[in-house]
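A short write-up of the structure that comes next.
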Amino acid sequence: MWSSRLLFVLAATGSAVGLGNIWKFPYITGENGGGAFVLVYLICIAAIGIPVMIAEVLMGRAGRQSPINTLRTLVRDSGTSSFWTLIGWMGVLAGFLILSYYAVIAGWAVSYVFRLGGGAFVGADGELSSGIFNDFLANPWEVLLWHSLFMVATIIIVARGVVRGLQVAVRWLMPILLVLLIGLVGYAAVYGDFAAGVAFLFSFDASKLSWAGTLTAMGHAFFTLSLGMGAIMAYGAYLQSNTSISSTVITIGTLDTVVALAAGLAIFPIVFAVEGLAPGEGPGLMFQTLPIAFGNLPGGTVLGALFFLLVSFAAITSAISLTEPALTYLVERYNAKRSRVAISLGSFCWLLGIGTVLSFNTWADAKLFGLTFFEVVDYLSYKVMLPLGGMLIALFAGWVLSKQTVVDQLGFEDGMKWTLWRTGIAFAAPAGIVIVFVYTIYQSFG
Ligand code: PFF
């Protein structure tokens with residue numbers, strides 16, 4: 001059990017804050033036109049993400065096992081269909097898919113620790129920065145090397161049990177990351193085109209809103225909060241029974257959002273000030289923009305290396321949680337050793353990750369429905385599986401679980417808080433997800 005509420009907050013924040021905030025949020029915001037996308041994302045966090053996160057934690061704490069077995073227990077207690085255990089199984093699969101490419105991108109970040117530390121970006125402009133990034137990605141062996149390194153590190157940490165290291169990483173390193181990020185926002189405000197960056201992120205232009213973009217924003221709300229696959233449910237299983245779930249979840253959601261917006265505010269002013277960069281740059285956006293800031297800053301070599309080191313740590317605390325649903329289940333099911341399971345799971349993900357490594361070079365032209373291997377895995381996980389998992393979780397917590405179980409966990413059963421919770425979990429979340437799914441499918445095929 002977590003020794004305190006703080007420890008759970010740290011672990012869950014460690015899971016939530018990661019590449020999703022610093023790497024993915026800015027680039028998909030750039031690809032989807034900015035302000036309107038950001039607004040939809042924020043609405044999804046508040047109206048869907050927070051209620052689903054509360055549901056995951058309360059289900060985890062009510063079942064106190066791996067997500068799959070927690071669902072089995074809750075299904076048995078509510079005398080309902082075993083169909084709902086699908087949530088657990090789908091989560092295990094989603095975790096696999098996400099980790100397979102997450103480790104590749106994290107590998108990029110690790111390699112940038114050395115690139116920046118070695119001074120490769122001193123005085124860099126847009127051309128140099130993009131050149132370095134593209135040369136790096138063009139070399140599958142090098143990318144594979146960093147990918148492998150990150151995966152091995154993840155396996156070692158997961159195998160040894162996570163609590164201690166996680167605590168240090170999140171408690172001490174995460175605040176430093178946030179300070180650096182805010183420092184970068186300061187740099188962007190002085191040297192970048194801050195007004196353009198802010199306008200891009202926050203000015204609402206309804207004409208830029210599409211259903212496909214809305215699905216991306218919704219999928220990302222799940223991704224960034226680590227929802228829809230049982231990761232937070234797995235952590236909830238260790239939460240002490242007297243901790244208030246709702247206020248804890250709101251703290252985590254707020255922290256996560258602050259980090260994402262700070263990353264956006266650091267990156268976009270640079271994009272608009274530097275020649276040759278565009279918001280829709282794609283997955284390379286963070287890697288092409290931030291090193292320019294560090295390359296032109298006194299002490300930027302050390303600060304830049306430190307920044308990417310901290311990003312790598314943020315990635316590892318998320319990667320750990322991606323393995324948790326599968327890991328805890330296999331340990332329970334086969335009474336297996338944690339280390340054995342960690343090695344098998346990790347190797348499998350590593351192998352699958354090679355597809356993503358090659359998506360940016362050798363296999364760049366191999367496409368399925370117009371998508372590279374990386375894009376297919378990414379699409380399936382965060383635009384299909386996480387929202388689907390989230391919807392099933394919302395329906396289960398809103399309509400299947402007995403009111404008593406829910407009330408026992410939440411600690412309130414009437415008043416404003418209860419109304420908000422009921423509205424979110426039973427209506428807003430499932431309806432929102434269904435509407436976005438239906439319209440996106442209708443638009444793609446209609
Ligand atoms: N929330 C993590 C991020 O934003 O980087 C990614 C993630 C971790 C997604 C764990 C899902 C998950 F279960």
Side-chain angles (χ1 to χ4, degrees), residues 16 18-20 23-25 27-29 31-32 37 40-41 43-45 47-49 51-53 55-56 67-68 71 83-105 210-233 282-283 318 321-323 325-326 348-349 352-353 355-356 359 367-396 428-446:
L19 295 172
W23 162 73
K24 191 166 208 166
F25 170 73
Y27 100 74
I28 57 178
T29 298
E31 285 180 340
N32 287 282
F37 176 86
V40 176
Y41 157 77
I43 294 172
C44 288
I45 294 275
I48 301 179
V52 170
M53 194 179 219
E56 282 207 32
I68 291 176
L71 278 153
F83 159 80
W84 297 100
T85 52
L86 181 68
I87 297 171
W89 292 106
M90 214 167 57
V92 165
L93 185 61
F96 264 131
L97 293 179
I98 296 174
L99 183 58
S100 81
Y101 75 78
Y102 205 83
V104 177
I105 314 293
S210 66
W211 282 103
T214 305
L215 176 63
T216 309
M218 185 179 79
H220 187 66
F222 284 104
F223 185 89
T224 191
L225 293 175
S226 306
L227 298 176
M229 54 156 281
I232 294 295
M233 200 184 295
S318 302
S321 72
L322 282 164
T323 67
F348 191 75
C349 276
L352 197 63
T356 291
S359 295
K367 298 204 170 159
L368 189 68
F369 301 114
L371 303 176
T372 62
F373 184 92
F374 157 68
E375 288 164 340
V376 170
V377 173
D378 186 40
Y379 193 103
L380 272 182
S381 51
Y382 93 109
K383 290 191 196 167
V384 180
M385 298 176 79
L386 297 188
L388 204 58
M391 183 174 76
L392 294 177
I393 289 168
L395 290 173
F396 189 77
I433 300 167
V434 169
I435 290 171
V436 177
F437 267 141
V438 168
Y439 269 93
T440 314
I441 293 170
Y442 173 77
Q443 262 200 347
S444 326
F445 296 100

Spacing of [atom1] belonging to [X] relative to [atom2] belonging to [Y], to within rounding of 0.5 Å:
X	Y	atom1	atom2	answer
T323	L99	OG1	CG	7.0 Å
M229	I393	CE	CD1	9.5 Å
W89	I68	CH2	CD1	4.0 Å
I87	L71	CD1	CG	5.0 Å
L97	M385	CG	CE	5.5 Å
I435	L215	CD1	CG	13.5 Å

Quick check against the 3.5 Å criterion: does T216 have a side-chain atom that pairs as donor or acceptor with the backbone of A212?
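Yes; judged by distance alone, with no hydrogens or angles, the pair exists.
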I'd like to know if the side chain of E375 and the backbone of T372 have a donor-acceptor N/O pair within less than 3.5 Å.
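It does hold such a pair.
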Tell me the closest heavy-atom pair linking [X] and [Y], and the distance in Å.
X	Y	answer
G230	P67	O-CG, 3.4 Å
A394	V52	CB-CG2, 4.4 Å
G49	L227	O-CD1, 3.2 Å
P387	S381	CD-O, 4.4 Å
L225	A16	CA-CB, 4.2 Å
C44	A221	CB-CB, 3.7 Å

Would you please name every residue forming a ring-ring contact (aromatic ring centres under 6.0 Å, His included) with [X], sequence neighbours left out?
X	answer
F396	W84
F373	none
Y379	none

Under the side-chain contact (heavy atoms from CB on, under 4.5 Å) criterion, do T214 and T440 qualify, and how do the steps go?
CA-CA 8 Å; T214 305; T440 314; over 6 Å; no
For S318, side-chain contact (heavy atoms from CB on, under 4.5 Å) partners two or more places apart:
Y102
Can you list the residues that meet the side-chain hydrogen bond (donor to acceptor under 3.5 Å, both in side chains) rule with T29, with sequence neighbours excluded?
none
List in chain and number order the residues that pass side-chain hydrogen bond (donor to acceptor under 3.5 Å, both in side chains) with Y101, two or more places apart in sequence or in another chain; answer none if no residue qualifies.
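Applying side-chain hydrogen bond (donor to acceptor under 3.5 Å, both in side chains) to Y101 gives K24, D378.
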Side-chain heavy-atom pair F83, L392 within 4.5 angstrom cut-off
yes
Could you check if a side-chain atom of I45 sits within less than 4.5 angstrom of a side-chain atom of T224, using non-hydrogen atoms only?
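I45 vs T224: side chains touch.
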As a quick check of understanding, evaluate side-chain contact (heavy atoms from CB on, under 4.5 Å) for F96 and V377, giving each step before the final call.
CA-CA 10 Å; F96 264 131; V377 173; over 6 Å; no
If you count heavy atoms of other groups shown closer than 6.0 angstrom to OH of Y439, is the number above 12?
no
With side-chain contact (heavy atoms from CB on, under 4.5 Å) as the test, would you mind laying out the steps for F222 and I48 before giving the verdict?
CA-CA 9 Å; F222 284 104; I48 301 179; 3.6 Å; yes
With respect to H220, which candidate in F37, Y41, Y27 satisfies the ring pair (Phe, Tyr, Trp, His ring centres under 6.0 Å) definition?
Y41
Tell me, with the steps shown, if I98 and L386 meet side-chain contact (heavy atoms from CB on, under 4.5 Å).
CA-CA 10 Å; I98 296 174; L386 297 188; 4.0 Å; yes
